[in-house]
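Take a look at the structure set out below.
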Amino acid sequence: MGRQAEHVYTDQPTIARFNGMVEHLQNGARVRLHLADGSTCDGVVAARPTVQEFYDGDGNEGSNGVVHLEQLGTSEWKRYIWFDQIERIEHLDSDAQLRA
């Protein structure tokens with residue numbers, strides 16, 4: 001993953017929300033991500049994400065993160081989703097849910 005992001009954040013409430021997401025996106029978790037555009041994406045977390053520092057197109061530094069999802073049974077389907085696009089995390093392997 002490069003050091004560029006479309007959106008970066010410096011406010012503490014957003015960074016705290018991102019850090020909370022990391023706790024719910026453990027390696028191997030089956031999740032459905034409810035996205036800001038109203039769509040959803042189901043998959044298995046391929047690797048536990050982290051909140052990282054990026055630069056936006058204007059050179060501003062701030063935080064964001066990316067979760068890498070795969071689907072069981074195929075190595076050909078992969079999707080990378082930025083933290084700021086996630087509205088809610090639904091765990092498909094338990095009843096636990098997080099409103100991001």
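Worth knowing before you read on, the calculation uses all heavy atoms, side chains too, and leaves out hydrogens, waters and symmetry mates. In this text, all values refer to a predicted model and were calculated from it rather than measured experimentally.
Transitive grouping of hydrophobic side chains (ILVMFWY, heavy atoms separated by less than 4.5 Å) keeps Val8 and Ile15 in distinct clusters. Placement of Val51 and Leu69 within a single hydrophobic cluster is found when ILVMFWY residues are connected by side-chain heavy-atom separations under 4.5 Å, directly or transitively.
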(request) Any chance you could lay out the side-chain contact (heavy atoms from CB on, under 4.5 Å) test for Asp84 and Thr14, step after step, and finish with the verdict? (result) CA-CA 9 Å; Asp84 65 332; Thr14 301; over 6 Å; no

(request) Would you check, one step at a time, whether the test side-chain contact (heavy atoms from CB on, under 4.5 Å) holds for Val45 with Gln26? (result) CA-CA 7 Å; Val45 178; Gln26 299 291 324; over 6 Å; no

(request) Before giving the answer on side-chain contact (heavy atoms from CB on, under 4.5 Å), spell out for Glu61 and Arg3 the whole-Å C-alpha distance, their side-chain angles and the decisive distance to 0.1 Å. (result) CA-CA 10 Å; Glu61 184 177 16; Arg3 299 263 306 148; 4.3 Å; yes

(request) Under the side-chain contact (heavy atoms from CB on, under 4.5 Å) rule, what do His91 and Arg30 come out as? Steps first, then yes or no, please. (result) CA-CA 6 Å; His91 287 266; Arg30 291 181 54 234; over 6 Å; no

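Remark: side-chain polar atoms of Asn64 are paired, donor with acceptor, to backbone N or O of His7 under 3.5 angstrom.
No side-chain N or O of Asn60 forms a donor-acceptor pair with one of Tyr55 less than 3.5 Å apart. If you check the side chains of Glu53 and Ser63, you find a donor sitting under 3.5 Å from an acceptor.
Once rounded to the nearest 0.5 Å, the distance linking SG of Cys41 with CD of Gln85 reads 12.0 Å. Rounding to the nearest 0.5 Å places CG of Leu25 at 6.0 Å from CZ of Phe83.
Residues Val44 and Val31 form no side-chain contact, since every pair of their non-hydrogen atoms from C-beta on lies 4.5 Å or further apart. Contact of the Phe18 side chain with the Tyr9 side chain is registered, since non-hydrogen atoms from C-beta on lie closer than 4.5 Å. The shortest side-chain heavy-atom distance between Val22 and Arg48 falls under the 4.5 Å cut-off. In this structure the side chain of Leu33 never reaches within 4.5 angstrom of the side chain of Thr40, judged on heavy atoms.
In this structure, Ile89 and His24 approach most closely via the heavy-atom pair CD1-CB, 4.2 Å.
In this view, Arg32 and Asp42, Glu90 satisfy the salt bridge (charged side-chain N to carboxylate O under 4.0 Å, His left out) rule, not counting sequence neighbours. For the ring-ring contact (aromatic ring centres under 6.0 Å, His included) test, residues two or more places apart in sequence or in another chain that qualify with His68 are Tyr80.
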